[in-house]
Novice: 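Handing you this structure, nothing more for now.
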Amino acid sequence: MQQLLNGLFIGSIYALFAVGFALVFGILDRLNLAHPAVFAASAFIGIELVTVGGLPFWAALPAVAVVGALLGLIVERVAFRPLKGRPDAHFAGLISSIAVAGMLIALLQWRYGAETRRFPADAFPATRFDVLGAQVTLLQVVIVAVCLTLVVGLTWLVARSRLGRGMRAVAENPTAARVLGVNVDRVTATTFAISAALGAVAGALFAMNVNSAQLGMGSAIELKGLAVIVVGGMGSLPGALVGGLLLGVSEVFAVQYLGSAWRDLIAFALLFGILLLRPQGLFGGRRARQV
Amino acid sequence: MPHRALALFAATALTVTLTACTAEGGGGTDGGLVGEGTGEDCTIGSPVPVGAALSLTGAAGSYGESQQKGLELAAEQLNAQGGVEYELTVEDDQTDPRQGIAVFEQLTAEDGASVIIGPTLSTGAFQAQPIAQEEGVPVLAISNTVDGITAQGDYIFRDSLTESQVIPRTVAAAKAEYGLEKVVVMYANDDALAEAGGEVFAGALDAEGIDVADTLTFSVADTDFRALLTEAKAADPDALVVSSLIEAAIPLVTQARELGIDVPIIGGNGFNNPKLMADAGDAAEGVVVGAAWNSESESPENTAFLADFEEKNGTQPDQFAAQAYTGLMLIDQAVRSSCSGERDAIKEGLGAIEGVPTVLGELTINDERDAEHEAVVQVVEDGKFAVLE
Amino acid sequence: MLTESTVTFIALGAIFAFSFYAVLNAGQLSLGQAGFASVAAYTSVLVAPDPDVVGDVPALLVALAIGMTAGATAAVVLGLPTMHLRGVFLAIATLGFAEAVRIFVLNAEWTGGAQGMSVPKVVTPAIAWIVLAVVAYWFWRSAPTRYGRALEAIREDELAAGAMGIDVGRHRLGAFVTAGAVAGLYGVLWAYTVRLVGPADFGFTAAIDGLVTAMVGGTTVFVGPVLGSTFLTLVPEIQRALGVEAGWIRPFVAGLLLLVVILFLPGGLAGRIPRRLRVPDIAADADSGGADGEHPELRTRVHAPRGDVVVRLTGLSKDYGGVHAVRDVDLEIHSGELLGLIGPNGAGKTTLVNMISGLVPPSWGEASVLGVTAGRTPVHRVAAAGVSRTFQHSKLFGRLSALENVLVGGHLVTRPTLVRRLLWLPSARRDERAALTHAARCLDRVGMLDAATTRANALSYGDQRRLEIARALAADPSLLILDEPAAGMNQVEAGELARLIRSLADDGLAVLLIEHNVGLVRQICDRVVVLDFGEVIASGVPSDVAADPRVVEAYLGTEA
């Protein structure tokens with residue numbers, strides 16, 4: 001029971017991280033490798049807001065989301081927009097986002113140093129519950145709630161709102177969307193902003209949850225994020241949520257039944273199995289290529 | 001056929017060769033490195049070049065940064081003292097073996113350093129230190145704790161105690177204090193230092209007849225240990241034995257307490273850091289740390305070091321900083337012993353160090369060129385390290 | 001600034017980048033190379049003899065051979081199940097493989113875990129550059145061969161490459177295995193350079209490093225990886241030489257430079273190097289080489305005699321999720337016949353020809369095309385049987401020149417020259433010249449020889465349509481399918497095209513022409529089939545069909 005809960009908690013952070021990844025990939029068909037850097041940056045910024053700015057944790061979270069969104073806009077403007085229309089935009093975008101990620105991490109080191117930072121111990125009440133013999137903290141409950149709210153909200157946004165219609169139109173066919181009067185540039189930028197805001201919230205929550213923020217925290221979760229979006233279906237938001245939870249839970253049970261040494265293999269075994277059996281992922285729709 | 005491309009290719013190769021040749025030249029300034037007088041009165045005309053190859057950025061960036069602070073403090077103090085001036089060059093290997101090797105090659109060039117400090121990580125040490133050995137440049141390792149570092153050659157020294165010098169003592173002291181019978185061992189298996197520590201722990205536990213109920217491994221980048229800790233808790237051990245660096249130590253300790261694991265947690269060198277208490281707070285209580293540096297030592301060297309470091313950097317030093325600081329102090333000792341800043345003189349001087357009072361305690365370099373000084377077993381009590389007798 | 005190791009690492013970085021180049025050049029993104037390198041390094045360190053016993057160079061040679069084999073084997077093992085994946089999916093799957101290797105190495109006993117294995121240092125800058133030269137030689141010589149062009153065609157447009165008779169799966173696997181072998185070389189050299197192999201050297205960061213090097217250098221010209229590696233290896237060295245303070249500023253500057261290169265140098269550092277291709281003088285060649293199609297260097301195809309049935313469709317149908325795109329079509333096409341296929345938009349014309357050319361399997365019915373069953377046979381086999389086509393939306397190989405496009409079109413009639421070119425055999429030169437001449441003739445036939453060196457995506461729309469026809473013709477087909485070739489052409493161009501198409505049929509080809517321009521169809525076709533809502537509503541000689549009331553209704557009802 002404790003293990004199942006452990007898996008769900010870590011899984012919901014994987015999910016929140018991966019949803020941002022998946023959003024950009026699903027709508028714009030681009031893999032944004034600066035996402036992990038935004039994840040790390042927002043953890044550090046969140047810590048500064050709480051320790052130096054004196055904000056309470058619940059108020060820092062939306063602020064972090066805003067900062068993350070701004071970073072997302074910068075990433076889009078610097079690394080992706082200049083590549084528009086190039087035949088190699090797909091691969092070049094990977095590289096330019098890696099470059100931006102490197103710069104972002106360097107700036108973080110300049111501002112905060114290479115040392116591990118953390119939220120002050122009293123930033124969040126350390127209330128603990130006992131659920132069927134398992135230990136659960138209030139923070140963990142909040143994390144799951146925030147993750148679910150954000151993912152469900154985002155799914156609703158994409159499915160129902162005007163912005164979401166624009167996003168889906170761009171996902172189908174950017175040229176056609178432009179003809180239909182969708183402001184493709186604005187939709188693209190908004191997508192990046194939302195994606196980064198989610199990554200930012202994930203970063204802050206993660207740092208809070210594990211009591212540690214490091215420059216390398218983004219790259220540590222990056223591979224898992226990639227695994228999650230493949231497992232869930234590239235670009236599928238509910239897929240990323242389920243994929244994240246599935247990965248979290250399977251890792252935990254791998255520790256229990258296979259031994260901790262093989263835990264990190266689980267993500268990739270899962271990924272491999274999915275790619276071979278159901279390449280479109282658990283929730284991905286098949287995108288047929290037309291002649 | 002792309003002839004132009006071929007020409008470009010050839011031109012690149014040519015430039016490479018030409019520049020490589022020019023790098024060979026350059027005269028040494030060794031003549032000015034021999035001074036007059038001995039010991040404290042020694043005066044050397046030219047500044048003694050000391051190179052440090054540290055990981056200032058990349059995965060090991062936080063340790064390198066700490067070491068840099070320790071070295072810079074030592075250099076400042078030594079240069080203020082007068083007589084011998086040290087020209088400290090701190091280079092970044094970016095936690096990348098290619099950079100580590102390139103930095104060592106540059107430092108061992110003819111007009112390079114008289115002595116090299118570093119690198120930060122043990123894997124990097126095996127890749128880079130042989131270069132200095134081949135070129136006859138003495139190396140002082142300040143943070144490598146795995147076995148075999150100094151066995152690479154007679155120019156390789158270290159002031160950091162190995163895990164096998166520290167851990168068996170720690171295990172013995174903890175057994176005496178808590179009557180351990182059954183423990184769970186946890187270590188990061190993708191980091192050389194932590195993995196080696198884990199192996200030494202296993203050997204020491206075996207020697208003490210303590211039963212290892214389970215061995216759990218994690219990644220050096222991990223920060224969420226709840227799954228592993230739940231597993232460890234199920235084994236109902238008398239203590240958790242952990243080999244990891246401070247990054248993992250703090251979340252691990254915090255989460256263990258959160259999950260209701262109240263048994264002692266025994267750590268190695270990596271845990272010896274004031275941040276453990278600062279950041280883990282109450283959760284750090286009862287953590288046992290076997291280490292090469294007693295931060296609470298009241299020796300005059302240590303008291304002064306703590307005060308000066310805090311004044312210069314505004315933070316408390318950790319073991320990396322203390323060992324780095326000691327490193328340059330030992331080099332000064334070696335230089336002054338024959339009043340020469342030349343490579344071979346420093347090598348001889350380092351080998352002859354015996355009973356020198358340092359921040360780490362009275363330190364001797366033994367015949368294997370490893371440091372010998374008192375290791376300390378500490379336990380966290382009321383937010384401070386206390387010596388566990 | 002340039003120490004011995006820097007020179008060595010430039011070569012090593014370039015070799016590793018070549019292993020990415022090998023697949024990127026064929027349009028695939030793989031991140032498994034670090035895994036191949038790891039497998040190769042550990043295998044060779046374990047198996048190869050001790051340099052102290054047998055000498056440095058022999059030991060290294062054995063190790064390199066073992067490493068190459070191990071890397072290539074790993075690539076085959078990984079490639080077979082994953083080759084159907086595309087783009088980012090392939091990248092992530094291969095990345096997963098590399099991670100699995102890393103975790104295995106960490107946990108296995110004999111590898112020394114995280115502390116790694118110590119290895120004697122054997123590699124000198126000279127050795128590293130010699131190996132690099134060999135690898136670069138391979139990519140230099142293989143680029144302008146039938147094999148090299150096929151890979152580039154797959155990169156530009158996989159579907160069109162298949163329709164030109166290129167076995168896409170085998171070529172992709174080939175590129176992947178090359179990547180594995182080259183990565184294997186890198187792994188072994190790395191181990192014997194840095195004295196200690198540890199799993200950390202073959203992680204995700206290493207893979208990203210290799211990818212970045214390849215992309216910065218450029219993935220279309222063989223010097224790209226060398227330039228990329230030189231640039232990236234020297235960035236930290238130059239910063240150090242300039243006295244840029246160690247710490248955060250160096251990675252920041254490195255990131256900035258990388259960004260600048262990617263944003264402002266499309267195609268990487270080597271992107272500005274022009275590709276040169278000699279356009280053969282076909283007039284001179286005609287005197288010595290004899291009449292068209294009699295080159296001994298070209299493979300000749302036996303065409304069906306005039307009047308034979310080349311295509312027989314029986315009850316052919318295609319459903320897309322309940323929508324009947326094509327319904328129950330029976331049709332025969334004969335050699336030497338020019339058959340027009342017309343119908344309103346959405347009538348199922350393109351779906352029908354996609355089924356005939358084997359791109360789309362039918363839901364029911366059978367399409368027997370030149371002795372093969374289209375839809376149950378891979379596309380490239382259908383092409384090999386003698387089917388060649390153009391596409392409604394131009395599917396040229398955009399970044400290749402017009403002549404190269406046609407050379408790819410000649411894939412089926414030219415001979416493989418890779419091995420012979422590597423060995424500088426004169427026969428390879430002859431064969432390549434024959435292929436070039438053949439391609440130039442095809443270009444000439446559509447009147448585009450002047451544009452031979454122009455990149456396909458720089459051509460005007462009308463020229464692109466004509467180039468597609470030249471490319472299709474280069475396969476020396478028995479059945480030529482033209483999907484709206486006159487779209488976007490003016491009156492004069494369309495007239496010339498009509499004459500060309502007619503002359504092809506007169507040469508004995510079976511031609512299936514989809515066209516909106518009903519006038520053009522009436523003017524040149526022998527027979528016309530009209531499709532509406534997926535069904536054949538009329539068929540016969542043009543004048544009869546034009547008078548058919550159902551046809552008139554279909555056209556007037558929907559279009560006019």
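Residue numbering restarts at 1 for every chain, and letters A, B, ... go by the order of the sequence lines.
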Novice: Measure from the side-chain N and O atoms of B/E105 to the backbone N and O of C/E4, and report whether any donor-acceptor pair falls under 3.5 Å.
Specialist: yes
Novice: For B/L193, is it the side chain, the backbone, both or neither that has a heavy atom under 4.5 Å from a heavy atom of chain C?
Specialist: neither
Novice: Between B/D191 and chain C, which part of the residue has a heavy atom less than 4.5 Å away: side chain, backbone, both or neither?
Specialist: backbone
Novice: State whether C/W190 and B/R98 meet the cation-pi test: NZ (Lys) or CZ (Arg) under 6.0 Å from the six-membered ring centroid, and within 45° of the perpendicular axis.
Specialist: no
Novice: Indicate whether any N or O donor in one side chain lies under 3.5 Å from an N or O acceptor in the other, for B/Q129 and B/Q152.
Specialist: yes
Novice: Heavy-atom distance under 4.5 Å to chain C: side chain of B/E65, backbone, both or neither?
Specialist: neither
Novice: Side chain from CB out, backbone as N, CA, C, O: work out which of these in B/Q68 comes under 4.5 Å of a heavy atom of chain C, or both, or neither.
Specialist: neither
Novice: Taking atom types as modelled, find out whether C/T417 and C/D431 have a side-chain donor-acceptor pair closer than 3.5 angstrom.
Specialist: no
Novice: What part of C/P144 is in contact with chain B, defined as an atom under 4.5 angstrom from a non-hydrogen atom: side chain, backbone, both or neither?
Specialist: neither
Novice: Where on B/S122 is there a heavy atom nearer than 4.5 Å to chain C: the side chain, the backbone, both, or neither?
Specialist: neither
Novice: Any salt bridge between B/E134 and C/R195, counting N to O under 4.0 Å?
Specialist: yes
Novice: If the test is ring-ring contact (aromatic ring centres under 6.0 Å, His included), which one of C/F139, C/F222, C/W138 qualifies with C/Y21?
Specialist: C/F139
Novice: B/S219, B/P97, B/G64: which one forms the most heavy-atom pairs within less than 4.5 Å of chain C?
Specialist: B/P97
